[in-house]
Engineer: 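Have a look at this one.
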Amino acid sequence: LFFFVFFFLNTVEAKDKEQTYKIKTFEYLTSIVEFESKFIQIQENEIQTGHFFKKNNRLRVNYDEPSNIVFVIKQNKAMYFNKNLGEVQYFNTKKNNTKIFFDLFNDINFLDDAEFLFINNMFHFSKTIEIGNEINLIKIFFEESPIRLRKIEIKNNEIKTIFYINNMNFNPNFEDDFFSLANPLIN
């Protein structure tokens, strides 16, 4: 009987802790109206750096040299701009990984069905979602105190991509057209 009561109380406490962190994480993510940060992306032993930006319901990702690529993302549409090649393409965000980043900051239900794990002042949510007929395992890592987004892992078709997020600035100064989807090659 003691073991049953102990197990039950620990299970209830774990569920309460999970719910508390889900609420705190949701409040943290929805409070971010705008920010900028640096990131390091690792995919198949290749390292790429860049900057990540958010304002209202738009995101922008700038990859540093040698790629020199820019993505501007809104809910249903995104722009890819390769500065080196002078190439611009538009695409739907519903069928690729840009949906993950957009939904993380803009979909209040994104973490509802995610599994929760807390380890050593860090916690993460993991979930599986289907994008374009591909199953993606997503893990989103946060520092506990204060709550800060630190890492996003995406695994699909045996390819694992990791984004380490650092140097977050919550008071950036953006030009009016910084998040524009207008073709940057047309002046």
Side-chain angles (χ1 to χ4, degrees), residues 28-30 32-107 110 124-143 148-187:
Y28 164 72
L29 290 171
T30 57
I32 301 173
V33 176
E34 57 186 41
F35 82 92
E36 65 181 327
S37 71
K38 293 182 179 181
F39 70 85
I40 300 169
Q41 176 184 324
I42 301 172
Q43 182 178 26
E44 296 185 329
N45 297 323
E46 290 188 23
I47 298 173
Q48 181 70 50
T49 60
H51 293 81
F52 187 67
F53 309 92
K54 178 190 185 297
K55 184 172 183 177
N56 300 325
N57 291 330
R58 292 200 179 194
L59 304 173
R60 180 176 169 135
V61 180
N62 290 5
Y63 283 90
D64 297 333
E65 295 289 342
S67 297
N68 213 3
I69 294 172
V70 175
F71 289 94
V72 179
I73 305 160
K74 67 178 196 172
Q75 184 172 5
N76 296 319
K77 189 175 184 180
M79 178 188 67
Y80 160 89
F81 174 39
N82 185 321
K83 291 181 178 183
N84 294 337
L85 299 177
E87 177 182 45
V88 176
Q89 294 180 14
Y90 294 91
F91 58 93
N92 186 322
T93 59
K94 301 275 185 210
K95 298 178 183 177
N96 56 61
N97 288 345
T98 57
K99 177 180 177 28
I100 295 167
F101 292 93
F102 187 85
D103 287 352
L104 175 62
F105 290 101
N106 296 292
D107 181 355
F110 186 71
H124 79 264
F125 295 94
S126 62
K127 67 183 285 178
T128 303
I129 63 172
E130 185 177 341
I131 300 174
N133 297 326
E134 217 173 53
I135 301 299
N136 295 268
L137 173 61
I138 302 157
K139 293 183 180 178
I140 304 162
F141 294 80
F142 295 87
E143 185 176 311
R148 290 283 184 262
L149 176 62
R150 290 296 179 208
K151 180 170 78 169
I152 299 171
E153 289 183 9
I154 303 168
K155 185 174 182 183
N156 55 23
N157 290 335
E158 304 306 316
I159 296 174
K160 185 178 188 179
T161 306
I162 303 172
F163 296 88
Y164 293 97
I165 298 165
N166 53 54
N167 296 345
M168 294 183 88
N169 172 11
F170 295 99
N171 296 303
N173 186 15
F174 298 122
E175 298 288 327
D176 291 340
D177 63 348
F178 189 70
F179 293 91
S180 173
L181 287 170
N183 186 332
L185 299 176
I186 300 173
N187 291 353

Engineer: How would you list all residue pairs meeting salt bridge (Lys or Arg N to Asp or Glu O under 4.0 Å) that involve residues 172-183, not counting sequence neighbours?
Structural biologist: none
Engineer: Tell me if the CG atom of N173 is crowded by more than 12 foreign heavy atoms within 6.0 Å.
Structural biologist: no
Engineer: Find out whether the Lys NZ or Arg CZ of K54 is both under 6.0 angstrom from the six-membered ring centre of F101 and within 45° of the ring's axis.
Structural biologist: no
Engineer: With sequence neighbours left out, write down each residue that passes ring-ring contact (aromatic ring centres under 6.0 Å, His included) with F35, or none if nothing qualifies.
Structural biologist: F52, F105
Engineer: So how far is it from I42 CD1 to I47 CD1, rounded to the nearest 0.5 Å?
Structural biologist: 5.0 Å
Engineer: Going by salt bridge (Lys or Arg N to Asp or Glu O under 4.0 Å), name the pairs with one or both residues in residues 130-143, residues two or more places apart or in two chains.
Structural biologist: E143-R150
Engineer: What pairs of residues pass the salt bridge (Lys or Arg N to Asp or Glu O under 4.0 Å) test when at least one of them lies in residues 74-103, not counting sequence neighbours?
Structural biologist: K99-D103
Engineer: Could you measure the distance from the CZ atom of F141 to the OH atom of Y164? Nearest 0.5 Å is fine.
Structural biologist: 8.5 Å
Engineer: Mind checking what makes side chain to side chain donor-acceptor pair (under 3.5 Å) contact with R60, not counting sequence neighbours?
Structural biologist: N62
Engineer: Identify the heavy atoms of L85 and N82 that sit nearest to each other, and give their distance.
Structural biologist: N-OD1, 3.0 Å
Engineer: Does I152 reach the side chain of L104, with side-chain heavy atoms less than 4.5 Å apart?
Structural biologist: yes
Engineer: Can you name the residues that form a side chain to side chain contact (heavy atoms under 4.5 Å, CB included) with T93, not counting sequence neighbours?
Structural biologist: I73, A78, T98
Engineer: Under the criterion side-chain contact (heavy atoms from CB on, under 4.5 Å), I'd like the reasoning laid out for L29 against F142: C-alpha separation, chi angles, the key distance, then a yes or no.
Structural biologist: CA-CA 11 Å; L29 290 171; F142 295 87; 4.3 Å; yes
Engineer: Working to the nearest 0.5 angstrom, can you tell me the gap between D107 CG and I100 CD1?
Structural biologist: 12.5 Å
Engineer: Show the nearest heavy-atom pair for residues S67 and Q48, with the distance to one decimal.
Structural biologist: OG-OE1, 2.9 Å
Engineer: Would you say the side chain of V33 lies within less than 4.5 Å of the side chain of N56, judging by non-hydrogen atoms?
Structural biologist: yes
Engineer: Distance-only, no hydrogens or angles: does the K151 side chain make a donor-acceptor pair with backbone N or O of H124 under 3.5 Å?
Structural biologist: no
Engineer: Look up atom OG1 in T128 and atom CG in L137, then write down how far apart they are to the nearest 0.5 Å.
Structural biologist: 5.0 Å
Engineer: Ion pair present between E153 and K155, side-chain N to carboxylate O less than 4.0 angstrom?
Structural biologist: no
Engineer: For the residue pair F178 and V72, establish whether any side-chain heavy-atom pair is separated by less than 4.5 Å.
Structural biologist: no
Engineer: Report, as yes or no, whether the 6.0 Å neighbourhood of atom NZ on K38 holds more than 12 heavy atoms from other residues, nucleotides or ligands.
Structural biologist: no
Engineer: Grab the two heavy atoms, one from E36 and one from P172, that are nearest each other, plus how far apart they are.
Structural biologist: OE2-CB, 3.6 Å
Engineer: To the nearest 0.5 Å, tell me how far F53 CZ sits from F174 CZ.
Structural biologist: 6.0 Å
Engineer: From Y80 OH over to I69 CD1, what is the distance, rounded to the nearest 0.5 angstrom?
Structural biologist: 4.0 Å
Engineer: For a side-chain contact (heavy atoms from CB on, under 4.5 Å) check, start with the C-alpha distance between T161 and N97, then their side-chain angles and the critical distance, and finish with the verdict.
Structural biologist: CA-CA 10 Å; T161 306; N97 288 345; 5.7 Å; no
Engineer: Keeping N183 on the side-chain end and L185 on the backbone end, is there a donor-acceptor pair under 3.5 Å?
Structural biologist: yes
Engineer: Identify the two heavy atoms, one from Y90 and one from L181, that lie closest to each other, and give their separation to 0.1 Å.
Structural biologist: OH-O, 2.7 Å
Engineer: Could you tell me which non-hydrogen atom of I131 sits nearest to which non-hydrogen atom of N96, and how far apart they are?
Structural biologist: CG2-N, 3.1 Å
Engineer: Nearest heavy-atom pair of Y28 and R148: which atoms, and what distance?
Structural biologist: OH-CA, 3.5 Å
Engineer: Can Y63 and F39 be said to form a side-chain contact (heavy atoms from CB on, under 4.5 Å), step by step?
Structural biologist: CA-CA 9 Å; Y63 283 90; F39 70 85; 3.7 Å; yes
